[in-house]
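Notes for the one structure printed next.
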2 protein chains.
Amino acid sequence: MPNDGTLRVTPQPVRRQVEERLREAIVNGRFAPGEHLSDRMLCDLFGVSRSVIREAVRLMEAEGLVEVVPNRGPFVSYLSPADAMQVYEVRGVLEALAGQGFAERASDAEMAELRAVFEEIAASRAGADRVGLLGLKRRFYDVLLRGCRNAYVARMLDQLLNRNTQLRATTLADPDRLPHTIEEIRRIVEAIERRDGEGAWEACREHVRQAARVALRILNQQAREKAEAGRAQAAE
Amino acid sequence: MPNDGTLRVTPQPVRRQVEERLREAIVNGRFAPGEHLSDRMLCDLFGVSRSVIREAVRLMEAEGLVEVVPNRGPFVSYLSPADAMQVYEVRGVLEALAGQGFAERASDAEMAELRAVFEEIAASRAGADRVGLLGLKRRFYDVLLRGCRNAYVARMLDQLLNRNTQLRATTLADPDRLPHTIEEIRRIVEAIERRDGEGAWEACREHVRQAARVALRILNQQAREKAEAGRAQAAE
DNA sequence: TTTTGACCGATTGTCAGTCAATGTGATTGA
DNA sequence: TCAATCACATTGACTGACAATCGGTCAAAA
């Protein structure tokens with residue numbers, strides 16, 4: 001029974017809402033990595049029973065947003081630099097596949113929609129608020145994933161994007177990186193508008209490669225700062 | 001906290017066992033696609049309470065093995081031909097990435113292990129039982145995914161392989177296809193042993209491409225037979 | 001002083017039972 | 001035959017309960 005997505009009204013069980021809210025809270029960093037998400041606490045927070053919470057947490061676990069240690073409950077996952085690099089590696093190929101699929105299969109309307117979102121991104125200047133920019137980029141991906149006609153790519157890439165949102169927010173808004181970012185996205189959009197699957201593939205891979213490069217730089221810098229702080233504390 | 005996998009003893013909650021068994025049952029076709037997996041039925045079957053069942057089902061849903069329709073419960077997912085093609089598309093790039101990662105990062109011991117499993121596969125002749133061959137191939141992937149040093153690729157590819165196990169069992173054991181299959185895998189292993197990431201990438205992509213081709217042929221044939229049966233029934 | 005061992009509170013894992021809402025199927029009536 | 005209605009089954013969600021386990025505290029022993 002394929003869901004056409006047409007006018008289909010589906011009831012929103014409490015569980016779904018909790019899932020969304022919880023995912024959002026974790027992704028947006030409202031719960032810090034390593035934080036313990038105890039049952040009771042979440043019950044109080046969302047005002048629902050334990051069963052609902054537990055089922056939602058199970059989903060977060062499947063998505064990799066939390067790690068459940070037996071008899072201690074779920075903890076918000078850390079994203080180590082090594083993890084981040086792995087994520088970028090996978091994102092690269094999945095995003096490329098999505099781009100190619102979009103170029104080859106999306107409707108003209110979807111293509112126009114993608115272009116529209118891109119123009120919004122291109123209009124943002126350095127100093128734009130990180131969260132707003134991230135939201136725009138998110139919309140870009142939403143359109144891309146919808147138009148690529150591959151539900152599996154869409155789901156997996158969606159999870160990956162959630163997985164490293166914090167890092168993306170940082171790299172995306174890097175002020176002297178923004179023009180390059182926009183240029184990379186422009187190449188994606190242009191290849192897509194030429195219906196050039198191969199070109200879209202390459203442009204997407206390149207885009208993620210650059211993002212990974214910036215992310216790596218930031219992570220290294222953070223590591224340096226941390227080491228610095230460690231030394232300072234040791235000297236004290 | 002990276003799990004080194006060394007001597008670490010982890011308790012196995014009932015839920016985990018139910019998850020595994022349920023996944024296995026669905027993957028192996030013990031539950032037919034479209035079948036309704038009602039709470040009570042599963043409770044009786046596994047001898048556990050509803051909460052455990054519901055949490056396990058939630059996982060199966062996240063993995064795409066079941067679809068839950070509100071107020072009616074979970075149903076075993078169908079894999080339409082279109083779905084299958086999408087799966088192969090994603091499998092292609094993920095498997096290629098895994099192969100490349102393995103070639104570049106696996107230990108020599110892991111490489112030897114991969115070679116060993118391959119030799120077992122190569123030793124199997126046409127007429128070998130499907131399930132046995134599928135098991136071997138599964139072990140091949142297990143080694144590959146462990147050695148590719150990318151947990152995200154591993155998890156996602158694992159899910160995809162589960163998703164279309166039935167179809168894989170059919171294509172893998174296609175008698176006049178088996179020699180070609182073995183040859184394709186040989187190329188993967190050889191590229192890996194040369195530490196040739198690029199070559200491993202290509203060999204993996206090609207392998208999946210061929211698998212998809214065979215699968216498509218089989219699906220078309222099934223569709224024809226179905227149409228035939230439909231006409232026969234209509235004429236009756 | 002350090003280590004060992006036992007105890008205690010808190011949390012998780014699991015269960016059983018309840019209740020409302022919804023969907024299914026059968027019965028009934030026109 | 002078809003439509004409306006009603007009873008039943010199932011899901012969604014909640015609650016209370018209990019055993020198992022974990023982390024920490026604290027006293028006794030080496």
Side-chain angles (χ1 to χ4, degrees), chain A residues 1-3 7-23 25-26 31-78, chain B residues 1 3-4 7-23 25-26 31-78:
Chain A
M1 66 200 80
N3 184 348
L7 299 179
R8 186 65 165 277
V9 177
T10 47
Q12 283 285 82
V14 173
R15 170 170 36 90
R16 300 285 177 207
Q17 297 176 44
V18 173
E19 285 166 11
E20 277 182 39
R21 298 270 196 103
L22 183 54
R23 182 182 297 114
I26 297 175
F31 295 122
E35 192 170 342
H36 185 153
L37 303 181
S38 85
D39 278 10
R40 314 298 171 109
M41 186 267 268
L42 294 177
C43 285
D44 293 348
L45 189 57
F46 290 104
V48 297
S49 72
R50 264 178 88 201
S51 37
V52 174
I53 291 294
R54 290 179 57 91
E55 290 179 28
V57 166
R58 222 50 71 196
L59 247 199
M60 299 304 111
E61 185 187 9
E63 295 180 12
L65 294 176
V66 306
E67 287 175 34
V68 178
V69 358
N71 289 314
R72 302 223 21 229
F75 295 79
V76 178
S77 295
Y78 282 101
Chain B
M1 69 193 82
N3 185 347
D4 317 308
L7 300 180
R8 186 61 165 278
V9 178
T10 47
Q12 282 284 84
V14 174
R15 170 170 35 90
R16 300 285 176 206
Q17 298 175 45
V18 172
E19 285 166 11
E20 278 181 39
R21 299 269 197 101
L22 183 55
R23 182 182 298 113
I26 297 174
F31 295 122
E35 190 169 343
H36 186 156
L37 302 181
S38 88
D39 279 9
R40 314 300 170 108
M41 186 267 266
L42 294 177
C43 286
D44 292 348
L45 188 58
F46 290 104
V48 296
S49 73
R50 267 179 86 199
S51 34
V52 173
I53 291 294
R54 290 177 59 92
E55 290 180 29
V57 165
R58 220 51 72 194
L59 247 199
M60 300 303 112
E61 185 188 10
E63 296 180 11
L65 294 176
V66 307
E67 287 176 34
V68 178
V69 358
N71 291 314
R72 302 219 23 225
F75 295 79
V76 179
S77 295
Y78 282 102

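Throughout, protein chains are lettered first and strands after them, A, B, ... in sequence-line order, and every chain is numbered starting at 1.
- Rounded to whole angstrom, the span from the CD1 atom of B:I53 across to the P atom of C:dG13 amounts to 16 Å.
- Within residues 35-47 of chain B, no residue has a heavy atom under 4.0 Å from DNA chain C.
- Separating the CZ atom of B:R50 from the C1' atom of D:dC14 is a distance of 11 Å, rounded to the nearest angstrom.
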>> Let's go through A:V68 and A:R58 carefully: what are the C-alpha distance in whole Å and the side-chain angles of both, what is the deciding distance for side-chain contact (heavy atoms from CB on, under 4.5 Å) to 0.1 Å, and is it a yes or a no?
In response: CA-CA 9 Å; A:V68 178; A:R58 222 50 71 196; 4.1 Å; yes
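- For C:dG13, one of the phosphate oxygens OP1 or OP2 lies less than 4.0 angstrom from a side-chain nitrogen or oxygen of B:R15.
- Separating the CD1 atom in B:I53 from the CD atom in B:E19 is a distance of 10.5 Å, to the nearest 0.5 Å.
- Take A:S51 and apply the side chain to side chain contact (heavy atoms under 4.5 Å, CB included) test, not counting sequence neighbours, and it matches A:S49.
- Residue B:L59 comes nearest to B:R23 through the heavy atom pair CD1-NH2, 4.3 Å, listed as atom of the first residue, atom of the second, then distance.
- Under the side chain to side chain contact (heavy atoms under 4.5 Å, CB included) criterion, A:Q17 pairs with A:Q12, sequence neighbours left out.
- A:E55 places its CD atom 9 Å from the C1' atom of D:dG12, with the value rounded to the nearest Å.
- Taking B:R54 as the reference, A:E55, B:D39 meet the salt bridge (Lys or Arg N to Asp or Glu O under 4.0 Å) condition, with sequence neighbours excluded.
- Considering only residues two or more places apart in sequence or on other chains, A:F75 meets the ring pair (Phe, Tyr, Trp, His ring centres under 6.0 Å) condition with A:H36.
- Residue B:R54 places at least one side-chain N or O closer than 4.0 Å to OP1 or OP2 of D:dG12.
- Annotation for B:V76 and B:A32: closest pair CB-O, 3.4 Å, computed over non-hydrogen atoms.
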Please write out the pairs of protein N or O atoms and N or O atoms of nucleotides 23-25 of chain D separated by less than 3.5 Å, giving the distance to one decimal.
| unit_1 | atom_1 | unit_2 | atom_2 | d |
| --- | --- | --- | --- | --- |
| D:dG23 | OP1 | A:R72 | NH1 | 3.3 |

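- Between the CG atom of A:N71 and the P atom of D:dT21 there is a distance of 7 Å, rounded to whole Å.
- No N or O donor and acceptor, one from the side chain of A:R16 and one from the base of D:dG12, sit under 3.5 Å apart.
- Projected onto DNA chain D by closest heavy-atom contact, A:V52 and B:P74 fall at different nucleotides, the more 5' of which corresponds to B:P74.
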> Would B:V14 and B:F46 satisfy side-chain contact (heavy atoms from CB on, under 4.5 Å), going step by step from the backbone distance to the final call?
Replying inline: CA-CA 10 Å; B:V14 174; B:F46 290 104; over 6 Å; no
